[in-house]
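Single-structure report; data block below.
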Amino acid sequence: VQLQASGGGLVQAGGSLRLSCSASRNRFGANTMGWYRQAPGKQRELVAEINARGTTNYGDAVKGRFTLSRNSAKNTIYLQMNSLRPEDTAVYYCVLFGTVPYWGQGTLVTVSS
């Protein structure tokens, strides 16, 4: 399984970004996928996950600001990030949960104050 993430960058506080993650795996829709993030000096934390039924789960820090969706026809998930804050600055990692978790290469999101 290969995961290709894109969409990171530099944005001012209060702005928006959209991250995308495309999976090479067949039967994409049967897997839970999501995003985790890791800021310097901190542990990796949940941002959002979406399961095969489309049910989403968000980390407390992003609830109400971020929205995760999936397009099974394109084997892609999207993370819409609104009202970004400097504390959202981190490397964001896409993950697909198969028999083991498959991690993408990470994309850097930097939010300036």
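Just the heavy atoms: all of them, side chains too, but no hydrogens, waters or symmetry mates, feed the values below. In this chain, numbering begins with 1 at the start of the sequence shown.
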V91 and M81: same hydrophobic cluster, using ILVMFWY side-chain contacts below 4.5 Å?
no
Working to the nearest 0.5 Å, report the span between CD of Q38 and CG of L108.
12.0 Å
Considering only heavy atoms from C-beta outward, does the side chain of V47 approach that of Y58 to under 4.5 Å?
no
Under 3.5 Å side-chain donor-acceptor pair for T76 and S22:
yes
Assess the residue pair L17 and V109 against the criterion (side chain to side chain contact (heavy atoms under 4.5 Å, CB included)); give the C-alpha distance rounded to whole Å, side-chain angles, the decisive distance to 0.1 Å, and a yes or no.
CA-CA 9 Å; L17 283 174; V109 172; 3.9 Å; yes
Among the clusters formed by ILVMFWY side chains lying less than 4.5 Å apart, do V1 and I77 turn up in the same one?
yes
Tell me if the centroids of the rings in W103 and Y36 come within less than 6.0 Å of each other.
yes
State plainly whether the residues D88 and R85 are in salt-bridge range, i.e. N to O under 4.0 Å.
no
Taking all atoms of both residues into account, what is the closest heavy-atom pair of A23 and L96, and its distance?
CB-CD1, 4.1 Å
CH2 on W35 to CG on L68, rounded to 0.5 Å
9.0 Å
Testing the basics here: between S113 and A13, what is the closest heavy-atom pair and its distance to 0.1 Å?
CA-CB, 4.4 Å
Quick one: does F66's side chain get under 4.5 Å of L79's, heavy atoms only?
yes
Nearest 0.5 Å, what's the OG1-CZ distance between T67 and R65?
11.0 Å
Does T110 offer a backbone N or O that forms a donor-acceptor pair with the side chain of T89 under 3.5 Å?
no
Do the side chains of Y78 and L19 get nearer than 4.5 Å, heavy atoms only?
no
Please find the pair of heavy atoms, one from S83 and one from S16, that lie closest to each other, and give the distance.
N-OG, 4.4 Å
So, E49 and N51: side-chain donor and acceptor under 3.5 Å apart, yes or no?
no
Separation between CD of Q105 and CD of Q4, rounded to the nearest 0.5 Å:
5.0 Å
Identify the heavy atoms of A52 and T32 that sit nearest to each other, and give their distance.
N-OG1, 4.5 Å
Gap between atom CE of M33 and atom OG of S72 - 0.5 Å precision
10.0 Å
Could you check whether any side-chain N or O of N31 sits under 3.5 Å from a backbone N or O of F97, counting only pairs where one atom can act as donor and the other as acceptor?
yes
Beyond-backbone contact of R37 with E45, side-chain heavy atoms, under 4.5 angstrom:
yes
Rounded to the nearest 0.5 Å, what separates atom OG in S112 from atom CG in L84?
10.0 Å
Path from V62 to Y93 over hydrophobic side-chain contacts below 4.5 Å
no
